Every structure is written in C-alpha cells, then in structure tokens.
Amino acid sequence: MARVQTPPINHHAGVRNTNRTPVLSREAQVMDYKNTLNLPQTGFPMKADLVAREPERLAKWEQSRLYEAIQSRRAGAKDVFVLHDGPPFANGDVHVGTALNKILKDIVIKSKSLRGFRAPYVPGWDCHGLPIEFKVSQEMRKAGDEAADPATIRKACEAYARRYVDLQRDQFRRLGVLGDWGRPYLTLDREYEAAELRLFADIVERGFVYRGRKPVYWSIPCRTALAEAEVEYQDHVSQSVYVKFPIVGQPGMFLLIWTTTPWTLPANLAVAYNSSFFYSAVLVGQETYLVSTMLLDQVAKKAGWEGYQILRSLDGSVLASLEYQHPFCGRTGRLLAGDSFVTNDTGTGFVHCAPGHGMEDYHLGLAHGLPVYSPVDDEGRLALTSDLPVAQQMPAELVGKSILEKHGKSEANEAVLHELRVRQLLLHQENYHHSYPHCWRSKTPVIFRAMDQWFIRVDHLGADGATFRSRALAEIDRVAWIPDWGVNRIKSAVQSRPDWCISRQRSWGVPIPAFYTAAGEAILDARVVRRTADLFEKHGSNIWYERTVSELWEWVRPADWTGPVPSTRSGDTLDVWIDSGSSSAAVIARRPELRGREQPFQCDMYLEGSDQHRGWFQSSLLLSLAGQGGAPYRTVLTHGFMVDADREKISKSKQGQGGYQKPQTAERYVKEYGADVLRLWVASQDFRNDIVVSEERLQKVGETYRVIRNALRYQLSNLYDFDPAKHAVADESLTGLDRWILGEFAALEAECVRAYDACEYHVVYQRVAQFAAVQLSSMYHDAVKDRLYTDPAGSVRRRSTQTALHRLVSGLCQVLSPVLVFTADEAWEFIPGRPAASVHLSDWTPRGLVRRESEVRTWDWLFATRERVLPELEKARQAKRIGKALEAKVVLTLPAEVEGLEAGWEDALRELLNVSQLGVGRGDAFAAEITSAEGTKCERCWHWETEVGTHPAHPTLCGRCSAAVGA
RNA sequence: GGGGGUGUAGCUUCAUUGGUCAAAGCAGCGGAUUUAUAUCCCGUUUAAAGCGCCAGAUAAGCGGCUGAUGCAGGUUCGACUCCUGCCACCCCUACCA
C-alpha cells in the first residue's frame, strides 16, 4: 500500500475562497491554497499576562456576584460540605504561608462545589489580642497619649483591626479565593462576642472555671500573662550561677545550688534533691560543700578546686533533716525530695525552688504547704509582698530592681549577684547558652510569675465520673485526622497540657464578666455571664468599661441574686484562644448556611497548619466539648510549613537580616507570577510535608502553566467553526485516534476525581501536566493537525476530532478550575456551546468513554510501533536522507503480531508517524526501512504524492486536496 | 532533652502485599520545523562512580563485572519497601532549676 485512502469528501462543506483565477502566479497560488486550509484561530491569547488580566476577571466575578450564584445554584444540593475557616490574625500583610492555607481551602471548596456539593465559605478574622494592642499603644504613645483609658484603647484597636481586615480581604480575594467576603465573621463583632460569652457561661455553669494562683508565663513589656501559644523559643544567654547556701547549725558547711535565673533567688523557699542520688560532703580549703556525687567532677572543674577531699557520702534521709539559711533573706528553708525533676546531668544535684516562679517548684511547694511567693510586681521589678513578714523578705537594696534584660544585663540579676558576692556566697558564675521561652510580641524572655488568674480545669470531673481530659482524648478518636499522625500530635498536646490560664491583663479582648467584692472575693456566675452577653450584643462590649460598676451590676444581676454585692469589676480579658476556639458556637451554629446537620455546631473540616494541633484545633475541641458536648469537626486536614530553598523555616528574623531579597508576602508573589501560578505551585506539592518556596520552583511551575495554557489554546483554536449541537459526532462514529485520546482522558479524569476526593492535589498537578505534555502535545495534537487543517471543514473525520477536542477542553477546564481559577474560567468562555456561563458554575460529571478490548489492543500496538519507528526516522533525518517526516516513506516488515488488529490500522499508523507513505510487508522480525517519499510535495497539505500533477484544475495538489478545494 | 514528620536524578512527583533493568515530566545538551511559532516536535545525557573490552593515542563506542533510593549495617533467594543504629532538615514540646 502506498497511500492512505482519503475519507469521503463532503462537497457541501464550507470551503472558502474557491473562486480562484488560474492565471495567478505560483506564489499567489500558494497563498491562495493556504487560505483554503482550516487554520486555527482563537481570541484566547497565548500570553497569559496574569498580573494584568486576573484583576479584570475578578472585577467581573464580583459584578456578577459569582460566589452567590454558585451558592444559589447549589442551594438544593443533597450533599453539603462545610469547611470552617480558621481566622487569621488581622495584622499586617498576608504572608505567603497564610496564602498557602487560604488557597488550599479554596481548592477544597471549589473541588467539592464542582462535584455537586453545596460548599459555602465564610472567611473569618481573629481581631483581638496583644499584637494589635501593642502596636496601637505604641502609636498612641508616640502621639503623646500616655494614659489612655481602656475604652479609648479599644476603639483604636478596633479601627486598627478593621483596617487590616480590609487590607487582607483584598489580598485574599486577589488570590482567586471565592467566599462570602461581604459578610465575614470577626471575633470583635457584637454577636460573636455575645455567642462566645454564652458558650463561656455554659462552661462556667458546668464548673470548669476556677480562680487560682499559680505561676504563668508573664511578658514584662506587654504587662500580661501569656498563653502557651504566645511564647516562642529562642536562643538565649543566661547568667548561670553556683550558689552556696549555709547549713543551719553547721558553720562552714554549704549546700551548692545551681540556677540560671538569679533574680528568682529572693523567692527561694526550699531546695530540692533527688532521693535516689548519692551526695558527697566535700572539703575544699576551710569549707565543706554538699553536692551530687555524680556531678562532683563537673562542679570541681567549674569552681576551679585545686584539691578537694570527700569527707563522707550522704543519702536522702540525711538531707531531709537539714535546714539551710537563705543566702540573703532573713529566713531558713528545708530540703525536699523532688525526684521527678532533679537530674544528674547538669548543675549540682540541688535545685533551688521558688514556688512562685516555676511549675515544678509550685507543685513541690503545694505538696509541702509552702506559700506561692512571687515577689515581683506588674512592672517586672522585685517587690515585697504580703505573703511573708517583711523581715523575712529580701533586703531593701533589691526592691525595685528590674528583671527585664537590657543588652543582656538585668538589674535584678546584677543586684542579686552583688548580694551574693558581698556575702561570699557566689561560688562560680558563667554564661549559659540555651533555648528559652520568649514573648512572641516583644521578643523578650518571659518570666514565670505567680498571680491570681482564671483557669479552665482540664481534669474536671464530669457527671459520669470521667475527667474532662479523658473525654477529650476519646473525642479525638472520633475525628478523622489527615495525615493520620495528626492524632498523635493532638493527643499528646491534650494529654500533657496544664490547666488553661484564660485571663489576660489586657484591654483589647472580650472582658471577663467577673466582679469582686470589697473583700476581694470573686463573683463569676453563669447567669451573670449570660446577661452580660445580652448586654454586649445590644451595646457592644465597650460598655463594660464605660459604665460604673453599679450600673453594670444593675443590668447583669440575676433577679433572684442573693450573693455578695460587688465593689469592682474585672479588668481582665479572655485569652484570644477562647475567641477563636468559640467559633463553632459563634459562627457554625449561628450561620444558617454553615449549620451542621447532626449537631448545629459541627462542620465537616478544619484545615490549618500543623502547629494548630496545639492551637486552634485544641482550643476548639476543648471549648466545644466542654460547652456543647462534642468536637466541632469531623475531619482535620493539616498542612506542613513553608520552608525556603535551603529547607529552612521562613522566619521573620531571617527576613530582617536580609536573608530574603524580597518580602515573603502573598502580594509580592502575585505581582510577579500571578495568582494562578501561585495556586498551581500550591497544588504542585504534597502539602502534608514541608512546602518549599523558591524562585526556582515558582519558575518551574510557571513553565508547566504555559504548557497547559497552550494545550488549551490549541484546542480552542480548532473549535472556531464547531457547534456541538450541530456537529458533534456520536461516540461510536468517532475515529479510532479520537476514541483513543478520549479513553486516555477518561482515565485521567477518573484519577483526578479520586485525587481531589483524597485532597491529593499534587497528583492532579502531576497527571494533568503530564497529560498535556505527553498525550496531548507530543502525540494527539501533533497527529491531528493534518486532518484538522486539510480535511474539508465539515468532513466527518474533522468533526470527529473537533468533537474530541471540544470534550477535552471542556473537561480540562473543569479539572483545572479548582486550581487555575482564572485561566480555566478564561478558557471556558471560548468554548462553543458551553453549558454554563462560568466554569465555576458548571457540574463536573466525567462522561468517560469505554473502548472495546480489541480496540485498546490495536492502539496499544500502534503506539508501541510508533515508538519503534520514530528512532529510525530520526536516524534518517540525522543522515540527511529526509527532512521532516512527511518527506519520508516507511516500509515496515512485521511479524505475526499484526494478526487480530482492528481494520484500518495501517492508515492510523501512517497518521501517527506523520509520514506520507507507509508500506507493510510480513516477515519474521520487525524492521523499518526509511526512504524518500515517492512523488511530489502537495502545495496544500505537504504530503508527498505520486498523483500530484494529474489534476488539471490544480496541478500542484494531491487528489485529496483537489477534492477538498472543490474541483 | 522528649514526641512527631521528612529524606528517591539539578527540580517536582510516582513505584500493588518485598519481586525483572527504579518510572514520568520538567530543566540540561544536541537537532528539526516555521500550517499552534515568546508555542510545539525529535534525539539524548545525568541517580558517587569504578573496573573491563576496543584503540598507537585521543575522541567516540561497547555494556561484561561491581555499585547505586540521606549514611552504615541487618533480615531475605530478592529491600526504596521490613528491622537496628546514625546524619540532615522541619514541626511540636520542655522552668534543665
């Protein structure tokens, strides 16, 4: 066989420019024939120009109220999927990590919506808290306003928060995230605060809340207690000191203790030892020291003891009977067994205990009836308290010394060290490098300080006799954690957490509706809290600060109140983690479109970074379980953290030191690459692990974007004269090649459906990118050019391929639409006969295409054969025997394997090889011979044909083209 | 210090329950096309590499042997996969008093 049969020509097809004049010059005639080709045309630009064009589409969406349209289209949907937004903090520009989180949420929602779910999205913001108050206070101080009252500060904070809500809202929208941006939830809304207090009232009513005095993290510059989530660990250099504590009744004998916080020594009330260790009494010069035997060498080296003599060994029973004199305060202390925390690897084996300044110290003190003595005032200065007689407290020289470090020195530490030196009780002093908790806001080392605070009791006993902690652990098992190790993370967080300190000595937050009597007795009553909620809902929470105590009490006092009468109101606010943790009650339960089906406060999914296992995931769980009886989510999906090209965490400090050339904000990436490329980058990586952001990766993703965009453009450009209603070809009449690509696409769609359902977006990215590059660009699009361009416009073969292209481009736009929100919608608008105005309003129901087994076998063989022949063609090209493939004739020798192939495989193979002629012979082994094609090149289709020149009307055309042009 | 996670070409992502020769795409290199043209097509290198063959030598070629999924071992006929130890990075945690 020398030549593929041309398909039947449709003489009624719209062939343009058939009225040519025979006297035209040869060149003009070529041009003329070019006009008879069905060359691609489209308005879908090759150049994306995302940075400029995305905002236009955004404006269009907003004008047409696209989000609302999607929601109303899905209003009656049987399946509902609610993802509840974790509120970002309303401060600063949107960081690229925050953008990642929002984009992931948007992909989840769009993919659900595309598959027919009603998937609303109500974004939220966390508006209260220290960072804002800190900034606002700074600004006010700069403006000369030194002593603003709480109500004034709060108004300024609200304005500040709202300003950043607006700024961030614009930045989130720019990312292509659709949602109810006009009605977000803000934790500063009256309704929110009221709902939060009502939830709090339920928790109070159930007896979870108590007032206690214990050490909490305290930030000196911020003048407030901090939550665990508000401290961050940084390297720090502390003053490490070895101190001699004189033993009572044994002149010249000392205990050796070690501490890295000398300023806590005035608060020392005991010394802990480990009853399982051995201790030695060591004679050095004239003095005897008690020290852990295991640590003796270390201590001796540090202290520079030239020679020492071990006098005797001591054990716990001896130590328990000793008493020591406080080094510079007029009191004595005892030695207590603290086996759980006294270690044998650093220090002296004796631990200085200050129950007011350390958790373990506190517990030990509690067990032995020691006072929670914390001689530090709100300014972070050493101070006398009423816990001990003044005579037993620190010397006057120490009072008023500031603990806060400036340039690595702390007044209080210096003063304490001075007292020790004067008394010759300082054995050794050195710098100690370690990681130490710092205030997230002021970046200063936090101190542990005991004071009266409100707490939620985590081990509260329920009516069923189970502790709240154990109920929480059980509830965790009823939630799906993705990835599955998340369950361990939150369990260990809940298991090990201390009671929740919920009060903050700040103004910018929800006031704790507590009162105090003149005697200092606290009043916290569920009914009072509920009435306060009503009051706040009506008038806003500023009323708490604007009215007198008696006015407030008049409003909120229960009618049948018989308790004490308050004289002051609480000045504390609730921890911001109570704010955001209440969102299931304040948002999910209250917004009709989000309201859960089983329980009003339950939604389908929370999706945040893995750090939220200790943060929002936990606070939401505890509050919801305590107040509402269940977890607020069914599934918790977690993503990893953003790291830079060196796989190190993107940190603000690195930014400050010039570690990054550009700020790591979402805006900067959007301005350089466009939101769709940023979104494609988010989709490209397995977000459950660390996510690497770097210029290189963004650029790689940008290249993938271009491949995809161009595939769409090619498809659209060949549909300019296609109307699916009129021209679509039925599945069984499609050509084998078209059925092949639709079969491939069906497999792709099925895999993408699965991947979307499993939230494995990187699989979608990978598969779609490969499909566009391999099956489409390199195979299908290349092979069908000939039929699309040269067959008569209305021929069945061309319409068949257009039918396939139409289905491909429609399906691709839908597969891509959750990720490439702008581009998919832009391309969608060029699809003839599209079923919805926007791709985001369409239903993705993969149609698929099932192929016969023999058909599949035939095409597998065809592509395998293509793989075998292409290298031969390349060799011929290298040898300059042919140029392009159409100049070649291929003669194949094929073994018996061709038995059983479906009819017409020879034509199909010639088309796949894109050569002019194909000959086939039978033989024992496969062979491919490449020669120059016979005949002459047809001016129109570029095929080489022997019949060129035999058509009088078109001497330069082949038979197929003569017919197509219309003789 | 404790808990958790990750580690596969320069980059990204795959690889049934342990099973041939570790896959695909991108990037790189070389080439072609100009009827998708700031696109697309074809070929090809690279996963430490070493040894060997061919050759006067170089370039190139061959692929016979060993090796190769962070590193080092182990179990197994056979390991990316299971086990042990280590290293690096990330997250969480910790008052190292």
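Within every chain, numbering begins at 1; the chains are lettered A, B, ... in the order of the sequence lines, protein sequences first and strands thereafter. For clarity, every value in this text was computed on a predicted model and none was experimentally measured.
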Original post:
When all nucleic acid strands are considered with a 4.0 Å heavy-atom cut-off, which category describes A:Trp485: base, sugar-phosphate, or nothing?
Top reply: sugar-phosphate
**OP:** Give the rounded distance in Å between these two atoms: CG of A:Leu805 and C1' of B:A36.
**Re:** 12 Å
Original post:
Quantified in whole Å, what is the C1' atom distance between nucleotide B:A9 and nucleotide B:U44?
Top reply: 15 Å
Original post:
What integer number of Å spans the C1' atoms of B:G85 and B:A24?
Top reply: 34 Å
Original post:
Taking only residues two or more places apart in sequence or in another chain, which ones pass side chain to side chain donor-acceptor pair (under 3.5 Å) with A:Thr260?
Top reply: none
Original post:
RNA chain B: A:Ala711 or A:Pro437, which has the more 5' nearest nucleotide?
Top reply: A:Ala711
Original post:
Is A:Thr260 touching bases, backbone alone, or none of the nucleic acid, heavy atoms closer than 4.0 Å?
Top reply: sugar-phosphate
Taking N or O atoms only and anything under 3.5 Å, show me the protein contacts with nucleotides 23-29 of chain B, one pair per line.
from: B:A24; atom 1: O2'; to: A:Gln770; atom 2: OE1; distance (Å): 2.5
from: B:A24; atom 1: O2'; to: A:Gln770; atom 2: NE2; distance (Å): 3.0

Subject >> Parallel, tilted or perpendicular, as decided by the 30° and 60° cut-offs, for the rings of A:His428 and A:Tyr242 >> reply: tilted
**OP:** Could you summarise the pairing of RNA chain B as dot-bracket text, marking Watson-Crick and G-U pairs under 3.5 Å with ( ) or [ ] inside the strand and | across strands?
**Re:** (((((((..((((.....[...)))).((((.........))))....(((((.......)).)))...(((((..]....))))))))))))....
Original post:
In whole Å, what separates the C1' atom of B:A72 from that of B:A79?
Top reply: 15 Å
Original post:
Can you tell me how far C1' in B:A23 sits from the matching atom in B:C90, rounded to whole Å?
Top reply: 28 Å
